[in-house]
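Step one of this worksheet: look at the structure below.
Here, residue 1 is the first one in the sequence, and each next residue gets the next number. These numbers come from a predicted model, not from an experiment. Atom set for the values below is all heavy atoms of this structure, side chains included, hydrogens, waters and symmetry mates excluded.
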Amino acid sequence: MTSKTVAQLLKADFKSQDIDIKGWVRTFRANRFIALNDGSSLQNIQCVVDFENTDEKTLKRITTGAAVHIKGELIESQGKGQSVEIKVNKIIILGDSDPETYPIQPKKHSFEFLRENAHLRTRTNTFSAVMRLRSTLSFAIHKYFNDNGFYYMHTPIITGSDAEGAGEMFRVTGLDPKNPPLTETGAVNYKEDFFGKETNLTVSGQLEAESYAMSLGKVYTFGPTFRAENSNTSRHLAEFWMIEPEVAFMDLAGNMDLAEDFLKSVLSYILEHNREDLEFLEQRLLDEEKTKPQAERSEMSLIDKLKFVVDNNFKRVSYTEAIDILKNSKPNKKKQFNYIIEEWGADLQSEHERFLVEKHFKCPVILFDYPANIKAFYMRLNEDGKTVRAMDILFPGIGEMVGGSQREERLEVLKEKMKALEIDEEELWWYLDLRKYGTAVHSGFGLGFERLVMFVTGMGNIRDVIPFPRTPHNADF
């Protein structure tokens, strides 16, 4: 007899059949009814115990959180709320759970409490749904790139370069922190370190991915990245996952086409394969919204937001046009924005991005041709000398979802930009080599995976869409 999952059994025929299942007890009531869950579904399966013919010591061990192995018959349910149930013939307690100390009791828990118990929080419906969606999204991403001829590349986690130029990086060192070797000037001598130079955890795999795109054509990375930004907001993590495709011989227009097609594809996959989890999280969000003032409630349900992206063509708007729209908008003129747009060159905030998507265009928006001085050094400079071929994709409810660009393929222009920003040429000699030997137009984008998971699940805090969040003063588990 092969062991079945709860999800499989709930879809089974009513006809009586012998079954074998393992899972965790959600509740045990009337000394008779076990609600069993194994993580394969939001739904529990009811297991009916013949308590008169079951050892009393075993009955006492059937507590919330206990792991059990049940053998019995799958039959048409005698009660309401489920179509099938299990008539238990034998129950084996695999692992006890002390009801006095088990943290995940059958009641409503705050997300703050559940973060403190992140090792057990996926035993709740909300977090099991979130993590199943995260898993399906991961698969959909790999499937999309594989189906479209991309090669998956594992970029280094330890790096000697700062791709973003922000300097907020975690140092990797093998030196004695109490007594590091020093240079004649008193600085730490990293030449004596493990790698013979100063190294950090990566903030992006983009630069390395570019090098592979310039030989394999189409590549993507999907891996962990790190940022030592001392921020405790609901949108920041110190460790997060990035999706970064890079494509040779592709310009900015092609980059926008790729990003739009990619997003629509993975969201369509989720809508098709995770309907139960989406509907549960949508209802959770609707219940949460009822507690908010009307003005703060979302105009779209969770599933409607996903369909909004899948069903609408993305509007392509230059940064310059967007600034004009925002400057002349009612919330800007009435000073309702927290950040008032006064002149060209301003870095757009989430409130501006959401206004463009939700109020003005009423569809996802791709902004392009940003001012060079607010974008990274590797973005291709336009002929006007003041903008770069960058693009950001804006979504409802969240603002920026994707950031990308056509990369600067001209050696001398790139060197000038690096010089202006005091980026050491020797540090990125290999990156410059790509512009010396067979350079060509190429483009790519970056997508923070957790931000996408937030959008798909409706969760308001990024710490609730990653298994074990890493934030300032928090590296538990």
Side-chain angles (χ1 to χ4, degrees), residues 163-166 204 206 235 244-247 250-263 309 312-333 335-410 413-414 416-417 420-421 441-448 451 455:
E164 299 299 319
S204 168
Q206 179 205 310
R235 291 198 174 187
E244 297 172 299
E246 290 290 329
V247 183
M250 184 175 74
D251 62 10
L252 182 63
N255 201 23
M256 291 191 274
D257 291 342
L258 172 66
E260 180 172 349
D261 188 60
F262 164 75
L263 288 165
V309 173
N312 282 297
N313 290 327
F314 293 11
K315 178 72 175 176
R316 300 183 185 188
V317 185
S318 73
Y319 167 91
T320 300
E321 184 184 343
I323 285 291
D324 288 340
I325 291 166
L326 291 166
K327 275 172 68 176
N328 296 310
S329 69
K330 190 184 291 183
N332 199 63
K333 287 182 173 179
K335 300 198 181 311
Q336 292 169 341
F337 283 143
N338 292 320
Y339 296 88
I340 304 303
I341 298 291
E342 295 177 341
E343 59 185 23
W344 191 93
D347 206 350
L348 301 187
Q349 304 298 317
S350 180
E351 60 181 343
H352 308 132
E353 296 166 342
R354 289 185 61 185
F355 173 83
L356 292 169
V357 173
E358 297 165 33
K359 304 295 184 186
H360 189 83
F361 291 109
K362 298 188 185 301
C363 64
V365 173
I366 308 181
L367 294 186
F368 62 92
D369 285 355
Y370 278 80
N373 61 353
I374 61 171
K375 289 295 182 181
F377 77 95
Y378 49 72
M379 298 185 176
R380 195 190 200 276
L381 194 64
N382 279 318
E383 283 65 33
D384 61 16
K386 64 176 186 175
T387 62
V388 288
R389 290 182 194 172
M391 64 100 175
D392 287 347
I393 298 183
L394 314 181
F395 270 19
I398 204 161
E400 183 191 336
M401 180 58 69
V402 164
S405 73
Q406 184 175 320
R407 312 312 190 189
E408 183 56 76
E409 86 280 12
R410 298 164 298 182
V413 178
L414 184 60
E416 282 297 316
K417 292 177 78 174
L421 293 168
V441 166
H442 61 286
S443 302
F445 62 81
L447 166 60
R451 184 162 285 201
F455 181 75

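- For the residue pair N382 / T387, a side-chain donor-acceptor distance below 3.5 Å is found, with atom types taken as modelled.
- H352 meets the ring pair (Phe, Tyr, Trp, His ring centres under 6.0 Å) test with F337; sequence neighbours excluded.
- The OG atom of S405 sits 10.0 Å away from atom CG of D392, with the distance rounded to the nearest 0.5 Å.
- Residues M250 and H442 form no side-chain contact, since every pair of their non-hydrogen atoms from C-beta on lies 4.5 Å or further apart.
- If you take CG on N313 and SG on C363, they are separated by 8.0 Å, rounding to the nearest 0.5 Å.
- Across every non-hydrogen atom of L381 and E408, the tightest pair is N-OE1, 2.9 Å.
- At least one test fails for K417 against the ring of F377: distance under 6.0 Å to the centre or angle within 45° of the axis.
- Scored by the ring pair (Phe, Tyr, Trp, His ring centres under 6.0 Å) test, F314 finds no partners at all (sequence neighbours excluded).
- Defined by atom type and a distance below 3.5 Å, a donor-acceptor pair is missing between the side-chain atoms of E400 and S350.
- Side-chain contact check for Y370 versus M379: every heavy-atom pair is 4.5 Å or farther apart.
- Remark: E383 CD to R389 CZ distance equals 5.0 Å, nearest 0.5 Å.
- In this model, no donor atom of one side chain and acceptor atom of the other lie less than 3.5 Å apart for N332 and S329.
- When every heavy atom of V317 is checked against every heavy atom of F361, the shortest pair comes out as CG2-CZ, 3.5 Å.
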### Task
Evaluate the criterion side chain to side chain contact (heavy atoms under 4.5 Å, CB included) for residue pair V309 and F455; output intermediate values, then yes/no.
CA-CA 11 Å; V309 173; F455 181 75; 3.7 Å; yes
### Query
Going through the checks in order, is the side chain to side chain contact (heavy atoms under 4.5 Å, CB included) test met by V247 and L258?
CA-CA 10 Å; V247 183; L258 172 66; 4.1 Å; yes
### Message
Under the criterion side chain to side chain contact (heavy atoms under 4.5 Å, CB included), I'd like the reasoning laid out for E244 against F445: C-alpha separation, chi angles, the key distance, then a yes or no.
### Response
CA-CA 6 Å; E244 297 172 299; F445 62 81; over 6 Å; no
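- Screening H360, R354, K362 for a side-chain hydrogen bond (donor to acceptor under 3.5 Å, both in side chains) with E358, the sole residue that qualifies is R354.
- The two atoms that bring P371 and V388 nearest to each other are O-CG2, 4.4 Å, heavy atoms only.
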List, one per line, each side-chain donor-acceptor pair under 3.5 Å for residues 319-327, sequence neighbours excluded.
unit_1 : atom_1 : unit_2 : atom_2 : d
Y319   : OH     : G345   : N      : 2.8
Y319   : OH     : A346   : N      : 2.8
Y319   : OH     : A346   : O      : 2.6
T320   : OG1    : W344   : NE1    : 2.9

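- For Q406 (side chain) and A390 (main-chain N/O), no donor-acceptor pair under 3.5 Å exists by modelled atom type.
- Side chains of L348 and I341 form a contact here, defined as non-hydrogen atoms less than 4.5 Å apart.
- For the atom pair CE of M391 and CZ of F368, the computed distance is 12.0 Å after rounding to the nearest 0.5 Å.
- Of all non-hydrogen atoms in I393 and A259, the two that sit nearest each other are CD1-CB, 3.4 Å.
- Residues D251 and R407 are not paired through a salt bridge, judged by the lack of any N-O separation under 4.0 Å between the basic side chain and the carboxylate.
- With contacts defined as side-chain heavy-atom distances shorter than 4.5 Å, the pair F262/P245 does not qualify.
- Checking side-chain atoms of R451 against main-chain N and O of V402 turns up no donor-acceptor pair under 3.5 Å.
- We find the NZ-CD1 distance between K333 and I340 to be 12.5 Å, quoted to the nearest 0.5 Å.
- Of all heavy-atom pairs between G404 and N255, the closest is C-ND2, 4.1 Å.
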### Query
Could you walk me through whether K315 and I366 pass the side chain to side chain contact (heavy atoms under 4.5 Å, CB included) check?
CA-CA 6 Å; K315 178 72 175 176; I366 308 181; over 6 Å; no
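- In this structure, the separation between CZ on F355 and NZ on K330 is 9.0 Å, given to the nearest 0.5 Å.
- No side-chain heavy atom of P364 sits under 4.5 Å from any side-chain heavy atom of L394.
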### Test log, rule salt bridge (charged side-chain N to carboxylate O under 4.0 Å, His left out), inputs D257 and R316
CA-CA 11 Å; D257 291 342; R316 300 183 185 188; 2.6 Å; yes
